[in-house]
Amino acid sequence: MPKFKFKMFSNGLACNLPFSCMSVTRDSGSDELLPNKMAREPVLLNVYDMYKINDITSNIGLGVFHSGVEIYGTEFAYGGHQYPFTGIFEIMPRDEHELGEQFRFRQSIHIGYTDFTEDDIKRLINQLGNEFRGDRYHLMNHNCNHFSGTFTKLVCGQDIPPWVNRLAYFSSWVPFLERCLPKEWLMPMALQHSLSHKQDSCSEPSTPQY
């Protein structure tokens, strides 16, 4: 069995996948390479206009966008809630109706390709849920676009375009903005449904064990 070198993510998140998340090396005496079959799956960034927020920010020349990362037919995104567990949720790619009436699909951007398998992606999303908890969401400093950028850098080594998260660079200029926005504008409808499902599952009585 060849020996492989493993790396730590730049943000300190440990890589527990069966091969290095940024590169794979092999011993010179072996022709075997993990994973056995490279997936070469496209990684897409789906960008949405948050048009109700933009009605406010357009007066100061800023656009506010939501984004999610599409891979293997699923779009992964991040939103805020008050609980200490993951704020990452899934929707059908480019389905603005799942997000809510304040979202309008704008465009898809091809970021790159990944060799991660679908199972690898699921494990990575579970790990990222520890960093991107719902109660750690912040419109300026820890938002959906920060998640998208972190995710794409891990799976294909490429960041998202800077303009998608431009608001974060102007956070010191608009400290009032987050306080002015209704919280429901910042929590996509799909995330609300996911929370409701979790709460319903927790409230169901457990079957006694005999």
Side-chain angles (χ1 to χ4, degrees), residues 9-18 21-22 35 39-50 64-81 83-100 102-139 141-162 164-165 167-168 185-198 201:
F9 296 150
S10 60
N11 59 6
L13 183 67
C15 177
N16 296 323
L17 300 178
C21 299
M22 299 307 294
R40 301 301 294 167
E41 179 71 13
V43 178
L44 303 176
L45 182 76
N46 294 328
V47 183
Y48 303 79
D49 284 304
M50 300 183 68
V64 180
F65 306 103
H66 169 79
S67 69
V69 178
E70 178 183 346
I71 185 170
Y72 287 110
T74 300
E75 183 173 325
F76 300 94
Y78 172 57
H81 56 69
Y83 303 107
F85 53 76
T86 183
I88 301 172
F89 61 96
E90 303 176 9
I91 65 169
M92 291 293 294
R94 301 173 297 284
D95 190 342
E96 61 186 34
H97 300 294
E98 280 198 72
L99 294 173
Q102 68 271 29
F103 297 87
R104 292 289 182 270
F105 175 71
R106 180 184 181 93
Q107 68 182 103
S108 289
I109 303 170
H110 182 260
I111 301 298
Y113 293 91
T114 186
D115 294 329
F116 283 22
T117 67
E118 193 168 359
D119 286 340
D120 293 333
I121 295 298
K122 292 177 181 178
R123 288 193 290 269
L124 182 56
I125 286 294
N126 286 335
Q127 291 184 44
L128 285 172
N130 296 321
E131 178 181 354
F132 289 92
R133 289 176 8 185
D135 60 346
R136 292 177 178 171
Y137 181 93
H138 189 279
L139 177 64
N141 303 322
H142 200 64
N143 62 35
C144 57
N145 301 314
H146 291 105
F147 162 75
S148 294
T150 297
F151 190 27
T152 59
K153 283 187 286 187
L154 293 178
V155 298
C156 66
Q158 299 293 326
D159 201 352
I160 67 174
V164 177
N165 203 22
L167 182 65
W185 290 8
L186 305 177
M187 183 187 294
M189 193 166 58
L191 179 56
Q192 296 178 38
H193 292 164
S194 177
L195 287 175
S196 298
H197 178 73
K198 286 180 181 292
S201 298

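Between I109 and P161 the shortest heavy-atom distance is CD1-CG, 3.9 Å. Taking all atoms of both residues into account, the shortest heavy-atom contact from Y72 to E41 is N-OE2, 3.3 Å. A77 and S67 make their closest contact through CB-O, 3.8 Å (heavy atoms, listed as atom of the first residue, atom of the second, distance). Contact detail for F105 and E96: the closest heavy-atom pair is N-OE1, 2.7 Å. The shortest non-hydrogen separation linking Y137 to C144 is CE1-N, 3.8 Å. Minimum interatomic distance between Y48 and R94 (heavy atoms only, all atoms of both residues): OH-CA, 3.0 Å.
The NE2 atom of H66 sits 13.5 Å away from atom CZ of R104, with the distance rounded to the nearest 0.5 Å. Rounded to the nearest 0.5 angstrom, F147 CZ and I88 CD1 are separated by 4.0 Å. Separating the CG atom in N130 from the CZ atom in R136 is a distance of 8.0 Å, to the nearest 0.5 Å.
Here the side chains of F132 and T150 are in contact, with some heavy-atom distance below 4.5 Å. Residues V43 and Y113 have side chains not in contact (no heavy-atom distance under 4.5 Å, counting atoms from C-beta outward). Contact check for M50 versus F103: side-chain heavy atoms found under the 4.5 Å cut-off. Counting only heavy atoms from C-beta outward, the side chains of D120 and T114 never approach each other to under 4.5 Å.
When each of Q107, R106, E75 is tested with N46 by the rule side chain to side chain donor-acceptor pair (under 3.5 Å), just one qualifies, namely E75.
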Q: Verify side-chain contact (heavy atoms from CB on, under 4.5 Å) between F65 and D49, making sure each step is shown before the conclusion.
A: CA-CA 5 Å; F65 306 103; D49 284 304; 3.0 Å; yes
Q: Go through the steps to decide whether F151 and I121 satisfy the test side-chain contact (heavy atoms from CB on, under 4.5 Å), and finish with yes or no.
A: CA-CA 10 Å; F151 190 27; I121 295 298; 4.0 Å; yes
Q: Let me see the working for V47 and I160 under side-chain contact (heavy atoms from CB on, under 4.5 Å), right down to the final yes or no.
A: CA-CA 10 Å; V47 183; I160 67 174; over 6 Å; no
Q.
Between R40 and D115, is the side-chain contact (heavy atoms from CB on, under 4.5 Å) condition met? List the steps.
A. CA-CA 5 Å; R40 301 301 294 167; D115 294 329; 3.1 Å; yes
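Side-chain atoms of N126 never come within 3.5 Å of backbone atoms of R123 as a donor-acceptor pair (strictly under, hydrogens ignored). Counting only distance, with no hydrogens or angles, the side chain of T152 and the backbone of Q158 share a donor-acceptor pair below 3.5 Å. In terms of modelled atom types and a separation under 3.5 Å, the side chain of E90 and the main chain of T74 share no donor-acceptor contact. Between the H81 side chain and the T86 main chain, a donor and an acceptor come within less than 3.5 Å of each other.
Aromatic ring orientation, Y78 versus H142: perpendicular (interplanar angle above 60°, classes split at 30° and 60°).
N145 and S148 share no side-chain donor-acceptor pair at under 3.5 Å.
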